[in-house]
Every structure is written in C-alpha cells, then in structure tokens.
Amino acid sequence: MNEAGEKARNFLEEIIEKDVKSGKHDGRVLTRFPPEPNGYLHIGHAKSICLNFGLAQKFGGKTNLRFDDTNPTKEDVEYVDSIKEDIKWLGFDWAEELYASDYFEQLYLWAQELIKKDLAYVDDQPQEQMRLNRGTVTQPGKDSPFRNRSVDENLDLFARMRAGEFPDGSRVLRAKIDMAHPNMLMRDPILYRIIHAHHHRTGDKWCIYPMYDYAHGQSDSLEKITHSICTLEFDVHRPLYDWFIEKLEIFPSKQYEFARLNLTYTVMSKRKLLQLVQDGFVSGWDDPRMPTICGLRRRGYTPESIRTFADRVGVAKRDNVIDLSLLEFCIREDLNKRAERRMAVLNPIKVVITNYPEDKVEEIHAVNNPEDEAAGKRAIPFSREIFIEREDFIEDPPKKFFRLKPDGEVRLRYAYLIKCNEVIKDDNGEVVELRCTYDTDSAGGTSSDGRKVKGVIHWVSAKHTVPVEVRLFDRLFQNEDPDDVPEGTDWKTGLNPDSLRVVKGFVEPAIKDVKPLDRFQFERLGYFSVDYESRPGKLVFNRTSTLKDTWAKISGK
RNA sequence: UGACCUAUGGUGUAAUGGUAGCACAGCAGAUUUUGGUUCUGUCGGUCAAGGUUCGAAUCCUUGUAGGUCAACCA
C-alpha cells in the first residue's frame, strides 16, 4: 500500500496503465490464457489465470481462452473440458473460446508468404544432423545444405508436405534467420513438422503441424491480443515472436514475461505430477494432496482463497518459492469467516458423567459461526455418556496443560463444567474410560461461583453420534524442496509416508444433510469438507487444513 | 566457456534519485467458552566493490550468485 491507500502496482500493471494512458490500441486491453490441452491445471496456472483475467478486468478489457493445440500426439478433449471447468470454478469468464488449430489455414498461408519472401525453406536433413548443425550455446551452427533452395522448389515441397507425400520426420519447414545467432531460438527455427496423427479438432485434415513459436505469436496477433503474458522461460523466445510479426507485417502483439509460481513442499511440473498419478502415489489428478486446481477444490479450498493467494504472492521477474504456509493462511482466513462450526471427535475416549441422570437428554444450543451472527444457532444433544478427544486427557500432564486431568476440571464447550474423578484402564494400562461429575450449576459452561476454568474441550454425545470417515491430509513431501533428496536417489524418496491417514470420526447430529464440497470447521481440529465419495449414511470428510495450533508448538518441542 | 533474465529481512513483495514499508513465517504479550479468531508489540533486509550526486535499493562500471536457452514439446 502507498500513502493513498491503494495497492502498489506490479510491473505488468504499470506497463498496461502506461499503454492505456498513451492511447495505444485505442486504450484497448485484451489478454489471453493459452493452455495446452495435455494435462490438468495446477496452482501455478491459477496464478497465471488470475493474472491474465485480473489484469484485463482492472483495465476494462477482456481475456480469451485459447487452447494451444498444435501437437496432436499429446493433446486430448478430456483436458479441454477439465481446463474450462477449472477456470470457471476459479470465477473467471473468457470472452472467446478459441483454438490455435482454428488458425491452421491462415498459418499455412503465412508460411507460404515467408517462403516467397525467401525467409523460410524446406529442410531434408535428418533430425540428428539438424541437431548437430545447430551448434551449441557457445558455438555457432552450420547452414543446412538445403538452405538455398529456390522459392519455387520450397513452395512445391511445402505443398507436398501438406498433401501427405512424405513420411513423419522426413522434412521440416524452417525460418531462414541466422545459424550463428547467439540466441539458439533464432538459428533457423522449425516452423512445421510432419505428423500423420488424428487431431482432436481438425481430425485428419492436416499432417503438418506448426510449432509453438510459429503458432503462438501469430494466434495472439490474429486475435489482436494487446498484452501476451507468459512465464520467464519464454523470454528467449521473444525475439522470434517479434520477428514473425515484423516479417509478416501483422498486428503487433507484445509479449511480457513474469516468474512462475513455486511452492514449498510441492512439485509443479506436469511430468512429476503425471508420475505421481501413474505410479499410484496419489489416487488421481484430483487427489486432495495434489496441487492441481481440481485437487485443491476436492480438498476444500475455495476459489476466493486461491484468488487471494494469487494476489498476495505478487508478480515479478525473479524466481521465487512461496511458503506453503501462505496458501494455508489464505484458506483459513476465508473459511474462518464462512465455515459453520461443528463438534467432532476423531480419536474418542468415553466419559461417563456419573451424576447425570441415565435417560436424560438435553438440547444444548451452540453458535454456528462466531464470525457470522447470521449463521444462527443449532441444538446439540447432551447425555450421560460422551466422547472426548483422547489427546484432551493426560493422566500426568506437563505444565501449562489445561485440559482434562485426574481431579481436574474442564469446560465442555457450550455444556457444563466437569471434573475427572476416576480413570479406568484395561489390562494393558490403556485408559478406556473416564468417570466424571458435572457441576449442576454450570449450564452453558459458566460457573455459578465465578471460579475460572481455563480449559475448553469439544465433545459428542455417545449415543447421538454420526459416524463418518475422515481423511487427514498432510503435505505430500517431507522436505521444503522436494528435489532435496540424498545424492543418487529419486525425488520420490522424499514423499511423506504420512500424507494421508484415514480415521473414523464421530460428529454431532447436525451434519447429516451435507453434500460434496460443503465445508465445516470441526472445532479445535480444523476445516473439513465433504468428499465426492460421501453418501448419506456413509459420510466422508477431507481435512482441508488444521487450525493454527499453538499448544502443539509449545508441547511438541 | 556464449546470449539473455534476475538479485531488498527466513519467504514473498513495495519504495520509480529524498524517512527502506507491507504480508506470511518466527518470537513476546493482551483478549477469548475453539490453545481458533482478533488486537498489540518485536526480531530481521538493500549481493560485493568502485563511481555519478547535496543525496543511491534506485543511475553507471566491474565483479559475484541464481535462473533460462542447444525437442521435429509448449
């Protein structure tokens, strides 16, 4: 924030603001989000989506969704659908749904134009030879022996490439730039390759397909994209991006690069994510431990929290690794305000309140959300036998432990003060039951004589319990940097063996009518959301995140 | 041993030649019928060396460190 109270602008906002003010493109702003439909979107894409759509919104512009579908061997409609779903869920609407493949004919025409201008040629060199002749980053490349074919011959060969006369890999169309250029991308980059493959949209119409560099910029230009925003690794592509626009004399879209998102304890590469799925380390792309948008959704994350996160991580050009705790902060912050509270016990121990009548059942009234009065109240049954969390009782507690202990008093949230009189153990010495008495004058949990009881614990009435399955997730990797594994071992050795624990939980009755993705705070435990596999009578909850746990910090060291 | 990009507290990100601020994390405290929330305080930073200037995180030079680029992937 600056003195005026407005948020500081990132470098892209500054560029666009300047362009708008100067009247460039009549002040028009049009961005695009250009995924390749070959995988699922993850939190890194979410940053890019929020950026592209957010920037346009900020300056009264629009954003296109364009699928970069120039490689039929890798792409599929399955991904198109999931990508659209994820973007919508995040809360964004695109102006137009477009495909690079929509432009194949125009791209072909432009390729012919480059040939006619003697700026492109058909190369017959085998792939290996071409690689050798490209040189290295420190050595210039060598011209192809086919570099100086006549325009007519190139035109003829290119037409025959399209006609399907040649096998895959036998010929390519290359731009004629400079084989000694210090930027490898400018050493006669390939424009078209031959792939006899079925394309998810164009079918078998084409057997030559444009490369990314040739397709992307021209697609931007065709759509009259004003600001083409991509990640840092495309920085070296920008001279080529500009070269095509200049030589073809077409609409001058401009490319700008920002640093992609990295998260601690998280892998983000499509390759690694795919491996986690294929090797069965997770249950699928939408496993709640995955950093995919569908995984986060299933985990219980809200779109709002992800947008806030994208906003807080900022936009710049330096490499960065964001603390996973920032993401967790964002979801807690959001859910604290909107999730209704319930009481649930995940690791129960039975408490019998010996001075409470056998058959009596009371209705206790509890606030649904202390952060939102409009959420109202609910009734919770209370009876003689209840469950409390096993961790909330310690026979010989450490200092500053103010939960239940022998002869100690604790508050049952919203109910009564109880005192532990007797600890019953089994033959192994394990505590199986606690016998307590309640203060009959402490209805609601307030003492009548003004004495202070610091501890408050949650509980459920034993015979009014709703049994549920609870999936406790933890970070997928043990190290902040998943690649930080012992020399010579695979990154997968860093996987956290305890990233998923499935337990049985007991919830108060006011939980029966829930549907997938409903979110709750189980008091003192964390935020939980209903899984897709949940069914009436067989509810399944995913732990979205724990609550901040100051006690764990104190006692855990 | 090439070209390009980038260097601000532990992690991010502002300061656009004029008081180095904000968030997360950490620590300490207050409040609290969630050891939650909220509130307060606190720790801690301009990669280095020169130069320009009344004044440099900012401009210049030279280093240093990290990243990107040698798919018929995007």
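The model shown is predicted, which means the values in this text are computed figures rather than measured ones. Order of the sequence lines fixes the chain letters, A, B, ..., with proteins taken first and strands second; residue numbering starts at 1 for each chain.
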Does a side-chain N or O of [X] approach OP1 or OP2 of [N] to a distance below 4.0 Å, or not?
X	N	value
Arg238(A)	C5(B)	no
Arg524(A)	G35(B)	yes
Lys317(A)	G67(B)	no

- Whichever of Ala316(A) and Asp549(A) has the more 5' nearest nucleotide on RNA chain B, that residue is Ala316(A)

- Most 5' of Leu326(A) and Trp551(A) on RNA chain B, judged by nearest nucleotide: Leu326(A)

Can you check the distance between [N] and [M], where both ends of the measurement are the [atom1] atom (answer in whole Å)?
N	M	atom1	answer
A49(B)	U68(B)	P	28 Å
C60(B)	U6(B)	P	12 Å
A7(B)	A48(B)	P	14 Å
C43(B)	C4(B)	P	43 Å
U46(B)	G9(B)	C1'	10 Å
A14(B)	C22(B)	C1'	7 Å
G35(B)	G29(B)	C1'	15 Å
A57(B)	C47(B)	P	10 Å

Taking any heavy-atom pair under 4.0 Å as a contact, classify [X]: base, sugar-phosphate, or nothing.
X	value
Thr550(A)	sugar-phosphate
Tyr414(A)	base
Phe401(A)	base
Tyr209(A)	nothing
Lys400(A)	base
Glu328(A)	nothing
Val453(A)	nothing

- Query: Should we say atom NZ of Lys272(A) is surrounded by more than 12 heavy atoms from elsewhere, each under 6.0 Å from it?
  - Reply: yes

For [X] and [N], give me the distance from atom [atom1] to atom [atom2], rounded to whole Å.
X	N	atom1	atom2	value
Asn369(A)	U38(B)	CG	P	13 Å
Glu371(A)	G36(B)	CD	P	13 Å
Met186(A)	C4(B)	CE	P	14 Å
Leu324(A)	G12(B)	CG	C1'	14 Å
Asn320(A)	G10(B)	CG	P	17 Å
Arg9(A)	A15(B)	CZ	C1'	13 Å
Lys452(A)	U31(B)	NZ	P	10 Å
Leu12(A)	A14(B)	CG	C1'	15 Å

- Message: Using a strict threshold of under 4.0 Å (side-chain N to carboxylate O), is an ion pair present between Arg342(A) and Glu523(A)?
- Response: no

- Item | Pair Asp392(A) + Arg524(A), salt bridge at N-O below 4.0 Å | yes

- Decide yes or no, distance alone: a donor-acceptor N/O pair under 3.5 angstrom between the base of U37(B) and the side-chain of Arg332(A). no

- Query: If you take atom types as modelled and just measure distance, does the side chain of Arg318(A) reach the base of G67(B) with a donor-acceptor pair under 3.5 Å?
  - Reply: no

- Can you run through RNA chain B from 5' to 3' and write each base as (, ), [, ], | or . depending on how it pairs? Watson-Crick or G-U wobble, both distances under 3.5 Å. .((((((..((((....[..)))).(((((.......)))))....(((((..]....))))))))))).....

- chi for A71(B) classified (syn = within 90 degrees of 0, anti otherwise) as syn

- Hey, could you give me the OG/CG distance between Ser447(A) and Leu417(A), rounded to the nearest 0.5 Å? 6.0 Å

- Query: Any idea which of G67(B), G36(B), G2(B) is nearest the Thr138(A) side chain?
  - Reply: G2(B)

- Query: Where the side chain of Arg312(A) is concerned, which of A23(B), U34(B), U37(B) is the nearest nucleotide?
  - Reply: A23(B)

- Message: Using side-chain heavy atoms (C-beta onward) and a distance below 4.5 Å, is Tyr209(A) in contact with Thr202(A)?
- Response: yes

Verify the ring-centre separation between [Y] and [X]: is it less than 6.0 angstrom?
X	Y	value
Tyr212(A)	Phe234(A)	yes
Tyr414(A)	His365(A)	no
Phe520(A)	Phe528(A)	no
Phe522(A)	His458(A)	no
Tyr214(A)	Phe244(A)	yes

- Produce a footprint string for nucleotides 68-74 of chain B: one letter per nucleotide, 5' end first; B if the base is under 4.0 Å from any protein heavy atom, S if only the sugar-phosphate is, - if neither. SBBSBSB

Would you list the atom pairs, donor with acceptor, under 3.5 Å between side chains in residues 42-50 of chain A and any protein atom, with sequence neighbours excluded?
unit_1: His42(A); atom_1: ND1; unit_2: Gly44(A); atom_2: N; d: 2.9
unit_1: His42(A); atom_1: ND1; unit_2: His45(A); atom_2: N; d: 3.4
unit_1: His42(A); atom_1: NE2; unit_2: Met268(A); atom_2: O; d: 3.2
unit_1: His45(A); atom_1: ND1; unit_2: His42(A); atom_2: N; d: 2.9
unit_1: Lys47(A); atom_1: NZ; unit_2: Ala259(A); atom_2: O; d: 2.8
unit_1: Ser48(A); atom_1: OG; unit_2: Asn52(A); atom_2: ND2; d: 3.4

- Query: Knowing that exactly one of Arg193(A), Arg174(A), Arg187(A) qualifies, which makes a salt bridge (Lys or Arg N to Asp or Glu O under 4.0 Å) with Asp123(A)?
  - Reply: Arg174(A)

